[in-house]
Every structure is written in C-alpha cells, then in structure tokens.
Amino acid sequence: MPDSSRREIEDLVELLNQYHLTELELEKKGMRIRVRRDPAPTFTSSGVEVVKTPEAHLPSLTPSSPQPSESSHLLTISSPIVGTFYRASSPDSDPYVEEGALVKKGQVLCIVEAMKLMNEIEAEADGKVIKVLVESTTPVEFGQPLFLIDPL
Amino acid sequence: MPDSSRREIEDLVELLNQYHLTELELEKKGMRIRVRRDPAPTFTSSGVEVVKTPEAHLPSLTPSSPQPSESSHLLTISSPIVGTFYRASSPDSDPYVEEGALVKKGQVLCIVEAMKLMNEIEAEADGKVIKVLVESTTPVEFGQPLFLIDPL
Amino acid sequence: MFKKILIANRGEIALRVIRACRELGIRTVAIHSEVDGESLHVRYADEHVCVGPAEGSLSYRNIPNVLSAAEITGVDAIHPGYGFLAENAHFAEVCESIGITFIGPSSEHIALLSDKSQARAHMKKHGIPVLPGSDGEIDDPKSSLAIAKKLGFPVIVKASAGGGGRGMRVVWHEEDLEQAVDSAQLEAYTAFGHGGVYLERFFEDPRHIEFQVMADQDGQVVHFHERDCSVQRRYQKVIEESPSPALDETLRKKMGQVAVQVMKSVKYRNAGTVEFLMDETGKFYFMEVNTRIQVEHAVTEMVTGVDLIKEQIRIAAGQALSYRQKDIQLLGHAIECRINAEDPVRLTPCPGTITKFCAPGGPGIRVDTAMDTTGVVSPFYDSMIAKLIGFGRDRSEALARMRRALDEFVIEGIHCNIPLHRRILDHPEFQKGPVSTRFLDRLLTLQSV
Amino acid sequence: MFKKILIANRGEIALRVIRACRELGIRTVAIHSEVDGESLHVRYADEHVCVGPAEGSLSYRNIPNVLSAAEITGVDAIHPGYGFLAENAHFAEVCESIGITFIGPSSEHIALLSDKSQARAHMKKHGIPVLPGSDGEIDDPKSSLAIAKKLGFPVIVKASAGGGGRGMRVVWHEEDLEQAVDSAQLEAYTAFGHGGVYLERFFEDPRHIEFQVMADQDGQVVHFHERDCSVQRRYQKVIEESPSPALDETLRKKMGQVAVQVMKSVKYRNAGTVEFLMDETGKFYFMEVNTRIQVEHAVTEMVTGVDLIKEQIRIAAGQALSYRQKDIQLLGHAIECRINAEDPVRLTPCPGTITKFCAPGGPGIRVDTAMDTTGVVSPFYDSMIAKLIGFGRDRSEALARMRRALDEFVIEGIHCNIPLHRRILDHPEFQKGPVSTRFLDRLLTLQSV
C-alpha cells in the first residue's frame, strides 16, 4: 500500500477520533463525504478476552491518558512507577489476588519493586478482578496496565 | 491471490488493529476510503467542519505529454528543440502567421533558432491559428507550446 | 567496556548517544514519556521503557523511575545527555551508590562546579584569572554596595546556582543595586531553590569563548580547542563556531592551557567545558565549568574529527584518553546553527507538528535531529528541531556551506528560526569576524524599532 | 570567475555541482527531460530548461539542445558531471568553439585518453608501467595468438573504446582466443561504434586502486591520494574507500608520483583519475585515465577535506590550484556505499517509486542524493538512489559508522541493495582489509549455489 494511502487513512482515523464519529467515508475527485455517528453504545460486559495494552498512537501533543478498553466500564489498574511486578509479598506466599476475586478499594493487589523498595499497588475501587495482565516477576513500565477490575 | 494484494490486505488489517477500527474500505485510482469504528464510546461533540482535500502526487514515471487544453480538440504545436522563437524570418519581415489565419499542413509557422541555425516549424495539419502562445525573440524549451491550431 | 547503556534523555542528543553506542557495539535502552512512545530515539534503541507522563519532572527527570528502568533492563551505565539529569549531583551520586556508571564527572565535581560562586573562589585560589567580583555570596546591602563601588559600575548580580540568564541583573547605577540584588535573589530562589547571589564587574561587549576538555581516570587532560558562542539571544546560544575568529594562535594556546589547568585543579574526569569571558583586548576570565556534554559539542567534533561521545563512554569505562594534546588539530572551520521552532515575530518557542522535514546534505554538512520525514515539536520539551553544522577549509567556506544548507532545509507546518540564522550569516559584522555577546540582541532591537 | 553555469546532468551529481556553485556565488541552470521537471536538481537551480523527452539520448545527451539551453540562458560554462556528455570529446570541442567553458579537460585530452589502446601506448612511451600486452590494437588471429602465447594465458581482450566491462573477454585457453576476439570486437562495435580491441595479461586477483588528480592551466599537478575500488560486481563499483588498506606509505607515495607523472605526460588539465591494477605483491600497472569527476569523488573529499567540484570550477575559470601536494593529508578513513534500486535476488536494477526516504545523519556521515522525502527511480536513467559516505579516524571507526548508518537508512516502496552492503561490511574478509576485484562476485556465487 502506498504511503500516501496510508497517510490518508491515518488522517481519516484522526478525524474519526477527533469528532468521535462512527463512520467516515471519502471519495475523491467528484468528492463524496459521508459522516456518521451512532448513538451511545450499549453492550454486554461479559466475554472480555484480550485487551491489548493500548500503545501506538501517533505522537500527540497532549498527554494520552490510558485508553478506555473496549468494555469501557472496566477499570484498568496501571503501574504508577517503573519496576518489577510481584503478585505476592514473597515467593512462598499466595498471590494477593486471583482472577475472579472480589476486592475492596484500597486493598493491595500486587507489589511493584523499584530501587529495592516494595511499592504496594492498591485497588482504586471495589470490584471483581477480571484479569491479571502481567505475570509475576516481570518488569513493568510506567502506565502499563496490570489488572482489569469490574467495579461493583 | 497475487502477493501484492495479500500485502495490501495485510496492511489494512494492521491499520484496523492499530486504530481499533471496525471497518476499513479502500478503493483505488478514483480513491474511495471508508473507515468505521463500532461501537463508539459516548460523548458529546458537534459537527464535522473541515475535510482537507488530499493532495500529494509524486513525480510520475511516465513522460508527461503536453496537457490537452481545455478545448481538447485544439492542436498544440510545441517546440521540438531548445532555442529562440521568432515569428518572422527577419526583424523587418511580417510574421509568418497571425492569430486567426488559416494555415495548411506543412506551412511554416515560425522559426526556432538554435546554435545559429534557423529551424522552421511547420503546421502539423490544416487549420486556423487560434493563439500564438509565445512572444517573438523569446527563448523556448523543448516541448514548450507555441501555437494553438483549430484543425479543419 | 559496557554491555548496555541507558540513555536518560530524548531528542537529538538521545539519538547521538545511541549512534555512538551502536558504533561501539553497545546495546541501548531508551527511556521515554507517554507522549514520546513513537519518537525516533525509542525506535533506534534496542529496548525502551516508559518512565512517566509528558511533564519532564515526572518522566525524564524522575530519578526513581529512571533508575528503576536502568535496573529492570540491567544496564551497566547511564548517559545523561544534556539538560534533564545531566548536572544533577544527587542523581550521579545515586548511580554511583547502586553500581551503575554515570557517564560524566563524579557527583562531587558536579556539586562543586554547579555552585558558581564556590567554583569562582576555588579557581581564584588556584591562580586562574576570574572576573573581578565579590568573594563568595553577598547578602547585606551595605557591604554589597562597597564591593560594587570598588569594582566600579556597571556590575552584574549573578545567582550561584544560576544558568541560562536566570537570577542575573545588570546594575548601572548605585541606587539600583539593592533592588537588583533583592529581585535576583528572589528569581534565583524560585528557579533553583537557592537564592545566593554574587557580584562581578560587568563587561559591555564581551565574547563568550569556551574550551572543550576531556579528562580520564589517570589524570590526563586534553582540550579540543575553543568554541565561540558569542551569538546569543537573552543568554541563549544561537550560533557556535570553532575556531573563534577572535583568537590568534598564541591566545588559543594560552587559554587552552588555562582550561586544562582548571580541570586539573579539581581532578576532573570525563567531558566538560570551561567557559571564559573575553574582553576586546583579549583579556580573558574564567566564568564557569559545564559538567556535561553540550549541545554544541558537534562543532568541535566536526573541526577536530574526534567523536566526543564515544570518548566519553570509553573514559567512563575506565579506558585512558585515546588522544594526546598534539593529536588534536583544527582541520578547518565549523559553524553550528540551532534550528528552533520559533515564532518569527515574537521569537518565542512555537511547538507544533512538522508536516514535512527534509534536511540538507552534501559535502561538509552534518545534521543532528530526532525528526523523521515528519515530526512533532512538543510543548513539554525544548523547542530545538535540529542542529545544522557546516564544515569548511576556512571560515568563509564554512559560512558559504551553512548559507546554502539553510536554503536547502525544508521544514513545513511550523515556524522556525531559519530566517533569523540567514539574517545573522548575511550580516557584514558577523561575516567580518568576532562579535560580542550583545551583537544579536542589538540586531534584533534595531529590527523591532 | 564564472557568473552562471549550466549543469548538463541530473540526479545527485547535478545537485552536487549546484551546491558547489551556490557556495561560490555562481548562478545555476539545470537542464531536464520531460519526466524530470519536478526533480530536486531542477528545484535547486536558479533556472531550468527542458531539453527533450525521457530518453537520455534525446535529452541529456542531446548536444544541440543542451548547447541551445546554454545559449538562451547565457551561461559562461557547462559542468558535465559524470556519464551523459562528460567524456564526449566532440561535445567538449563544440563548447570550446562557441566560447563556453567546458569544466573538465580539453577535447584533445578526452580524445587521447578515451582510446584505451592509444593511452596505453602513450604511457608506455613515457616510462609508465603498463600491463604486459599487445602494442596497440590487434586484428589478425595469427599474430594475436603469438602475442597471447608470449604473454601467457589467461589473457584479457579489451575494447579500445571500452568501459564498464563491455567488449571484454577473459581467455583461459589458446583455442578460445579467436572466438573471444571476434565476439569482443562485435560487442565493442555495437556498444561504442568502434570495434578495435587489444590484449593484456589477465590477473586473477587484482586490486583496483585509483588516484584522484587535479591539474591547473600552469601545469601544476596535485594528487589527492588513492581510492580502493576493488569491491565490484561485473566491473561495476559497489563500495569505494580511501586510503586503500592494500597500500603502505611507501607504495602510496610511489603510486601518487606515477599518477602525477601520467597527467604531466599529457599536460592534463582539471580533474581526472588515474586507474591502476595492482597484484598481490604490490606491483602496479597503469590501466586508464578517467577524464571526468567520478561518482566516488566524495570519498576523497571526506578523507582530505577538499571540495573537488569547487576546485574544478576554479581551475576551469583559470585560477591556479589552491592546494600544494603537502597540503593534501589523509585525515582519517572514508568509505562509500552506492545505494542502488536493486532486486535483492536477481541483483538487477528495479526502478519505482520511493514512498518514504529518510537518510541517516550524525557524526561522520555524508549523504549525496537527489531524493526528497519521497522520490522516483526512473527506468530511463541509472538506478543509484544515494551515495552514503562514512568518515572515521581509522578504518574500523569508518566501518562502524557505515554499519549503523545503513541500519538507520529508511527507503520504503522499492527494493535496494542495502542488504548487500550489510553483507559486505559484515564479511570478515572485507573487515580484515584488502580484497581483490573478484571478492564480491565470489561472495555472490557462493550465495547463489
């Protein structure tokens, strides 16, 4: 695909984003433009399988806040620091939480170790742990999603 | 399926993924692009205002033939060489042709002097001189339009 | 030699260090803020770690996150570039304490030399010519006035922790001194967290001459000749060149020796710059030491053929200097223009999206940039788009190259200061030779009148 | 000095000459074919004239149109670049006759030296070591065989008017000689309009060493040291470097003196290259003189700091050489990779549209190209996209720079030979040092088996 087409598509996607459209159609020369916006969506909460870490947006002038995941009512707990992710307080201990568990706001979900300091990461709301996104002992960067929580 | 089509499709899929789109349609040549994202998150925002016309054509691989003029039945007589354009055989003579004149195929229309040689430029068809495009004693480059002829 | 280096920076200097590492066969880790994920320095590095949101203080200057990134990627060393953490003694100290090599001087060097008043006192003690001024910081108005009178007006009030013109006041008359000291102290405190100021005699038309120096573990010190950075706007360097048109061979040699003596007096290590102020008669005075690699290091690289960043890395890894003083020759003349995103009228930074970027090429031209064929100048960081450096057999060839290169440079979508550079390079006074640090401000004042 | 110069070429060399002119303050006229109207060389020039349709023979090689373009724009001089009309003695002669300076040697020099067999004879007469071979052209089979036997097989049949490997045949056995001569004559006649051929002893593993020379009106001749162009594929240079890893200081000096002697023997003027073939023992033989600036001149510019194009222009304008032999020093090491649009499997040119072009930068890197951020490699002209030149303090630094620069180079939409360059630079034999002209063909044969 020529870069020009790619750029064209990216431009349209940008407009789509900017004006929160559902659909945007463009024909050239004779010029035909179609824009469409669907009413606010409703959808079912179940069956979330993969939520990729939201990366790769074009360099933007404004700080990108973590994207709402497809099932946007889910809460993403991201790492506020750079370090190593641990699901338990020690190798012999049980994980702080398992998938499916109910957690209270302020409850410790995991530890991110940075500079030999153990930083406890807490739940930001009451809810159910839908997914643990990172394996224990893995390095994590700033803003990396760690848990998906379904708030109660 | 040719490899190129396959690559094109893969490119589109990549864009689809990258921008979390639902639908992406591309038609070539005449250009028709359609992007769509379902379901949209909720928000408020008002109408689309600007859609920039896409530009960007690259230098082409094929030789650019002299553009057909607006009235495309007209015949353009272009300079086959680089040199200096003269409408008459000498400063004292009358021009070979004036606008409005009827000319015969093979009739001398002007001279282009190159390297001290006088090159006579002839009409390529019978017709009427609609326009003399260059002033006498002006340098002309290869392919530069000199006369517009309305062929009979 | 190091196996893997983290580059605690962004933009062109991050690329510059990555390039040096690749040439040395060292793996690289880029750090980046949330808005820089697609930046060229991230793409060029072998690994990358997001260290925080856009604001530099929360990402590139965020010491815990930067060091954690170094730990989780297992690097041996950190190159700080310039700006951000490059002259942060605390950062260098923590690096030392956790066994990661900080590619630069020791934390003690940074601490000593970043206190301008203390550095001044140290150099004076070691017989280095310093500007006539107060012994250390001043505070009570009475003694300040006595000192100022002894120096003779005009005098300049400078912040000990200063830089970039902040916490500086020129005082022309006795009666203005007290208020100038107060406001300089306030500004210094606000900007640097330390309000101490000192006094120096003020020169109206000085030249800014600095010597690039490099020192190794064994105490070997070599200088790479001078850079003339007199073309400044509000204390910000705009154009740098080497050699300086204001020096002759004798003076160059003498100042080079003093620069080496400065560094030896503090047992310096790695790359640093000794800045001098020079008056019209060729008298020169120590001003300060920059304890980092500088934006304008490329000028010295072009004119000496030396790769300063690779030399920094080698020295930090414990190797001896690979050059002796006699190896360092001026091979011609080099000029650098800092191309900044800048409003052409108000001369203020104007960030935005560059829709087309195409740098000049051909003989004698070097471009250091983090732009691709397009790019973004973010409002969160400094507004430099590229460094354009031209080399020629002599100053006139270097000037001619720079002018044709500026004409070739394509930057679309935002305003930049290329027209300003053209004006400077076309100016008879600049073409003739040495100008003072007030040349550009005068030029711009004339313009705006 | 000239006021206005017409550049009778396209692509990177046209840009190269325009840059030199701008630096000298000379106005420029670009010529272009109908497909090149949007090219960078047209945009960079002050004026431009279309001289014909896409086919080179009807435009860039079209002598009446090129000269008419020179006349209607009123230029003082024409720079032919390389290729097209650069070694056309007739063109140079017509320029001379109408009072337009041809920037290069005289038409007589071109005529004499473009006849390889005649040049050989001339040099032999002047005591220059030439390859053992026939005295002049051969024709009857009997005497040819006698000469070949005396030389000893293998021998090589070469076209007097030859170049680029055309009209060349290596003959390993007596019985193949007659047919080889016939077919070489036929090919030479087809390619050059002159079927004359001569015989030389064939060396299996020679090195291609050439000396860049410049001569002025006053008979001053200076050489700029050598280039090693042994990395070739089917007689096409792929990588060039300077200095040659095959020469030591003594040999360099000796060959340089011979190169100067060659040029003095014909009272040469302007830029030229003396090509030598060298065997494994360091014995060297004159091969031919190229009477033009060459693609690879940039290698010499990088390693000596000299601007050869500006020097060409100055000399053509009647000025004396601005360098003496002792001024010409090797400041380090330079390597050039010719980046061509090339099918990676069949290794044939593959023109097309470059959708994204972003050249590497940073220290020690020079790029000469006519590409913008996008571009077209036209099927009508040669397939070179860019010249990438890397400079370092020594060969190993230059190699490291080239490798990282090749990694940085972004060329999208079209295949090119960057992977091939990587393979060569990564090859232990090349890294070790001197290779013969058969190195690359062997490498590629091994690959394809």
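Proteins come first, then strands; the chains are lettered A, B, ... in the order of their sequence lines, and each starts at number 1.
In this view, C:Asn417 and C:Ile339, C:Asn340, C:Glu342, C:Leu420, C:His421 satisfy the side chain to side chain contact (heavy atoms under 4.5 Å, CB included) rule, not counting sequence neighbours.
Side-chain contact, C:Ser33 with C:Tyr381: a donor N or O sits under 3.5 Å from an acceptor N or O. C:Tyr82 and C:Asn9 are not linked by any side-chain donor-acceptor pair at a separation below 3.5 angstrom, with hydrogens and angles left out of the test. Side-chain atoms of C:Ser57 and C:Glu55 include no donor-acceptor pair closer than 3.5 Å.
The residue among C:Thr73, C:Asn62, C:Ile72 with the most heavy atom pairs within less than 4.5 Å of chain A is C:Ile72. Between chain A and the options C:Pro64, C:Gly52, C:Ala69, heavy-atom pairs under 4.5 Å are most frequent for C:Gly52.
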Could you give the side-chain donor-acceptor pairs of residues 134-141 of chain A under 3.5 Å, partners two or more places apart or in another chain?
from     : atom 1 : to       : atom 2 : distance (Å)
A:Ser136 : OG     : A:Arg87  : N      : 3.0
A:Thr138 : OG1    : A:Glu135 : O      : 2.4
A:Glu141 : OE1    : C:Cys50  : N      : 2.5

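Interface residues of residues 88-98 of chain C toward chain A, defined by a heavy-atom distance below 4.5 Å and sorted by number: C:Val94, C:Ile98.
Here salt bridge (Lys or Arg N to Asp or Glu O under 4.0 Å) pairs that include residues 59-83 of chain C, with residues two or more places apart or in two chains, are A:Lys116-C:Glu71.
Side-chain N or O atoms of C:Arg269 include none that pairs as donor or acceptor with a backbone N or O of C:His109 at under 3.5 Å.
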